[in-house]
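Following: one structure in structure tokens, then a few remarks.
Every heavy atom of this structure was used, including side-chain atoms; hydrogens, water molecules and symmetry mates were not. Throughout, protein chains are lettered first and strands after them, A, B, ... in sequence-line order, and every chain is numbered starting at 1.
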Amino acid sequence: MGPADLFAALPLILAAASSVAVMLVIAFYRNHGLAAFVTLAGLAVSFASIIVAAPYAPRKVTGLLVIDGYALFFMGLIFAGTFAVAMLAHGYLEKKLLAEREEFYILLLLAATGAAVLAASAHFASFFLGLETLSVSLYALVSYTGSEKAVEAGVKYLVLAAVSSAFLLFGMALVYAQLGTMEFSGIAGMALGAYMGDPVFLGALALIAAGVGFKLAVAPFHMWTPDVYEGAPAPVSAFVATVSKGAVFALFLRYFAMVDIHQSRSLVLAVAVISIGSMFIGNLLALLQNNVKRILAYSSIAHLGYLLVAFLAAGALRVTASAYYLVSYFITMIGAFGVVTVLAGKGGGEMEDIEDYRGLAAGRPVIAAVFSAMLFSLAGIPLTAGFIGKFYVMAAGAGSSLWTLLIALAVNSAIGLYYYVRVIVIMYSGREAEAVAGGGGGETALAAGAPEAAVPFGGGLALAGLTLALVWFGVYPPALLYIIQKMIHSLM
Amino acid sequence: MLKLLWLIPALPFAGFLMLSLFGGRMRRPAAAVIGVGSVGLSALVSILVAADFILVAQKNPSLRVYTQTLWTWIKIGAFKPGILLYLDALSLVMTLVVTVVGFFIHLYSAQFMEESEGYSRFFAYMNLFVGSMLVLVLSGNLLLLYLGWEGVGLCSYLLIGFWYREPANGSAAIKAFVVTRVGDTALAIGLFLLFMNIGSLDIQTVMSTAALRWQTGGALPTLAAALLLGGAVGKSAQLPLQTWLPDAMAGPTPVSALIHAATMVTAGVYLIARTHVLFSMAPAVELAVAIIGAATLLISSTSAIVQRDIKRVLAYSTISQIGYMFLALGVGAWSAAIFHLVTHAFFKALLFLGAGVVISGHGGEHDMFRMGGVRKQSPFVFWTFLAGACSLSALPLVTAGFYSKGMILFDVWQSRQAGFWLWAAGLIGAFLTSIYTFRMVFLTFFGEAKIAMTKKPDLRESVPLAVLAFLAIVGGFIGLPHFLRIGSLSLSLPGFLSSVLPPSVQIGGQRETELLLETVASIIALAGIYLAYFFWLAAPEYSREMSESRAGKAIRRFLFSGWGFDWLYGKLFVSPYKRAASANRNDVIDLVYSFMAGVNRFFHYGLSLSQTGKVRLYAAAIALGAAITISIAVLSR
């Protein structure tokens, strides 16, 4: 392992070092602001180090990791997403009456490191290590506030993740038993042709898909999602919904791009069933749901179903569409949970019930506008990043003639629109219904009285940035497309 | 300088964004500074760009077009709509009109709207409107043009219904929106048709390909041009979709001046001029344009004569003046139409703004018969209004309206198709125009003061009035008739536009005809003014007697209602629709959708049962899911 390897792996090393740094800082001087600052700085430095690592890519670092443009792109996405979550979490934790807030950031950085390892993993060992680093941190994060609900969510997550890990490990063991290697490239080399008809190998891949499906929260492995998202602190829900899923998806896509899934009709069929099932189950469950966090949880299930359409497409658009969709999904989900986060009151009571949002536009027009933008993006309305993401997914699917999947996608977009718009309608109606109907802004905003609690600075800044990105990538996609195509051509 | 082109629409959008995000917390002066300033800056940039454009074009005549591709929105196969700005002589003229006239109307609004609630909301909508209008005229791409087209329609709706507490304003807004939607739909279908047959939405590509591929008078160009015309008559309030404009006067007066006189309603004229290649290839549609214009101008100018509400007079007048523009477009006098568009923007904006001062001075009174004597109370308003009125009635030699209308009449006379009859219609229209215009002037400004004017305009209102009055008088010198022209043709507006719009008629040997026609038109205009003087100032008892007679009453009622179009559409469309809706009280068609919603609800409740919150069941589901996945993977191989 030479210096070039170290430079290539620099983002991972720095992310891991940041968590140690936060731990040391806390050991000597316990201060919430300082811990948050060190975390943000660490993430920013890790993000910046991607530029340092880029010239060394693609490069195999030990047998476990491969640092290529694809890995670096998703690491960047993971660090940026974690950065936004950390900003949101700071204001949220300030309001919480907790004795120890600082350890939150250690766990967050560890989880981000695990996620980054997943994005770069080229071996079952690193895959599993990354996954467990991510998961174990998340168990603690989910129940961090220590409330009964949070602990229940954490334990549920722990038990079910353990179950799914068992499936995953068993699948890996079977692959090893059949092929004698755990390296992706080795598997890919042997999996061509003959093995694709081998029932044990196919069963092993299906088991791996089940394990991964749990992390992605796709049907039928989705049931934990609403319970955990509801019980976890809102910023953690944002993290679980985006960074954790995004990293696992990145790995899944890399793995099945190497072991070409299109060689096996039956695997394609299995994933297609999962995709369609996720869309319908996610959207239908969200339909009349009255808890905003649960709505977002179900929405995230449906969105992963959409994403699997791109996953099943062939050709160059497959990776482009997946990457674009994930970026827009990150922005939108973190933004939506971010709104729930900043609206949390003193002592940490979150606004979960949809009725709490009635008339929000009158009292807090900007927050309501941000939330509406996020919901519109989730619904795929033009001029938001979500529209372009969905457009590319559609285009990728159409390019590969996945008509059944596309019809399901279209039907589900229509179903989904209902519950997204339902939230918006509630925000813009209610107590000041008459005044708001005139246009929302203007004098009515002042008449409705001052907001109950100020939006924390960090959270507000994060939301502003996310909204800007949302509109930016929706109106001006070429910049992001350029980066995607530059970074991930290694996989195409 | 030309590189700054993108700033022209971007500045008003930025203003809109700031006002809509922070307007609620802003003090009124701050909102006014942003609202007026953004359009002012945009006007300034337009002037700079215009100067640069003209200089460049003079040095190098081949550079008469400047395009700026900002980015490509989506790229899938042949469908790659670019965010593309296209600047040529035509869009430059439109940009200048929109930003400069728009700026003065914004300035005026800063005072006019001072006592109204929703001050920042007003400026937010106005800025959004200006931005959308600029997108419409600067777009080099039909898709982007359509975005602007819908944007201005939305703003029109929002601003007509600005004082939403009055239900009548809300229904006027809905009427405007629905009626124009009929045209918008036609336009959208036209765009689909063009894209399907040509495979591009870039305006220049569409035009050149159409010219190459299609035959003049063929079915495709005729259909495409007819669909575009459908969009144009909706937006420009021409027959048969003119009914929304008089009701649109429910909006604040600056809105009427900006949207419903100077800019948005002329978008149809712009659209036809922009796609004139297509229209030239469809002679039948072109003739239809001319006939629609002529019919509209007669119908609406007769209606204007009997109105009592000063703003409705101006509304009907606007419809009839746009009728002139359509008449010109229909005979291929493209640049004459644009010339009249420009002068009309000056004098009609001026008239609306003047009317606004009078109305607010009378405490919101719109009825001209309850006004009077404003000349003495407020001479400044009188003189500026008079300038606009003279320009509208085309008073010879000293007004802008004279030159633009004269050019249209001359070009119509020379056109081959039905030249004489269309010209006669135009001439009668000119006569009627000066009657209703000076009826308005005499009723409002002369006679005895019935109510004391309470409010006086300050600088923010009087500067726009003065500037627009100046433009309404001298604005015509950019398009002098041939017998008065000094210097070469290229110094005039039609000469400037000739790089985009082909000149309409031959010039040689026609000077005498032109002189004769202008003289006839002048006499007609003066006769109209005299008639107005006689009936409404010198001997009002005659007009009263005439309108009190039985026949007079019937005619007046007929004209007052705008030839009964509202009644007709009410009988033809609205009440059958309402009847169908009430017959369908239980919503037969909706049953399908309710059924679908019911199915969804059923599945929602069914699936919700699975969310038990019990970990063991969840774990079992994971195991079951794994089993299913394995069986699909293994068994279907």
Side-chain angles (χ1 to χ4, degrees), chain A residues 155-156 159-160 163-164 167 196-197 199 202-203 205-207 209-211 213-214 219-224 226-227 264-267 269-270 273-274 280-281 283-289 365-366 369 388 391-392 395 415 418 437-446 475-479 481, chain B residues 19-25 31 70-77 83 117-122 124-125 158 161-165 596-597 600-608 610-637:
Chain A
V155 171
K156 269 185 189 168
V159 171
L160 296 171
V163 171
S164 80
F167 283 103
M196 273 305 187
L202 283 176
L205 289 186
L207 278 171
F214 171 81
F221 317 104
H222 64 278
M223 291 184 170
W224 59 278
D227 293 11
S264 162
R265 219 173 43 80
S266 62
L267 277 181
L269 181 67
V273 169
I274 289 175
F280 275 107
I281 289 177
N283 281 321
L284 285 172
L285 278 172
L287 209 58
L288 299 171
Q289 180 55 242
V366 177
I388 306 280
F391 183 85
Y392 276 109
I415 300 175
Y418 171 77
E443 278 72 4
T444 52
L446 288 177
V475 179
Y476 185 76
L481 271 182
Chain B
L19 286 169
S20 57
L21 285 180
F22 312 111
R25 308 223 160 84
L70 297 178
W71 67 84
T72 306
W73 190 40
I74 308 175
K75 206 161 97 186
I76 293 290
I83 308 291
E117 67 171 322
Y119 194 66
S120 67
R121 181 162 64 89
F122 178 80
Y125 291 164
L158 291 172
F162 183 74
W163 288 314
Y164 56 85
R165 291 185 200 277
M596 286 204 297
N600 279 321
R601 208 171 291 128
F602 172 77
F603 280 112
H604 167 74
Y605 288 124
L607 283 168
S608 295
S610 70
Q611 295 297 140
T612 51
K614 292 200 168 66
V615 180
R616 53 203 158 90
L617 293 182
Y618 289 2
I622 292 176
L624 192 69
I628 295 170
T629 317
I630 294 170
S631 28
I632 295 176
V634 176
L635 296 181
S636 72
R637 99 193 112 101

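When heavy atoms are compared at a cutoff of 4.5 Å, A:Phe167 approaches chain B solely by way of its side chain, counted from C-beta outward. For chain A, no part of B:Phe122 is nearby; none of its heavy atoms comes within less than 4.5 Å. The part of A:Val273 that comes within reach of chain B is its side chain, from C-beta onward, which places non-hydrogen atoms under 4.5 angstrom from that chain. The part of A:Ala210 that comes within reach of chain B is its side chain, from C-beta onward, which places non-hydrogen atoms under 4.5 angstrom from that chain.
Between chain B and the residues A:Leu205, A:Leu267, A:Val475, A:Leu269, the most heavy-atom pairs under 4.5 angstrom are made by A:Val475. Most heavy-atom pairs under 4.5 Å with chain B: of the set A:Ile274, A:Asn283, A:Asp227, A:Ile415, this distinction falls to A:Asp227.
Using modelled atom types and a 3.5 Å distance limit, the side chains of A:Tyr418 and B:Asn600 yield no donor-acceptor pair.
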Determine all donor-acceptor pairs shorter than 3.5 Å in which one atom belongs to a side chain in residues 620-631 of chain B; sequence neighbours excluded.
unit_1: B:Thr629; atom_1: OG1; unit_2: B:Gly625; atom_2: O; d: 2.6
unit_1: B:Ser631; atom_1: OG; unit_2: B:Ala627; atom_2: O; d: 2.6
unit_1: B:Ser631; atom_1: OG; unit_2: B:Ile628; atom_2: O; d: 3.0

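Residues B:Tyr618 and A:Val159 form no side-chain contact, since every pair of their non-hydrogen atoms from C-beta on lies 4.5 Å or further apart.
A distance of 5.0 Å separates NE2 in A:His222 from CD in B:Gln611, rounded to the nearest 0.5 Å. Expressed to the nearest 0.5 Å, how far CG of A:Leu287 lies from CZ of B:Phe603 amounts to 12.5 Å.
Residues satisfying the side-chain contact (heavy atoms from CB on, under 4.5 Å) criterion with B:Leu607, sequence neighbours excluded, are A:Ile281, A:Leu284, A:Leu285.
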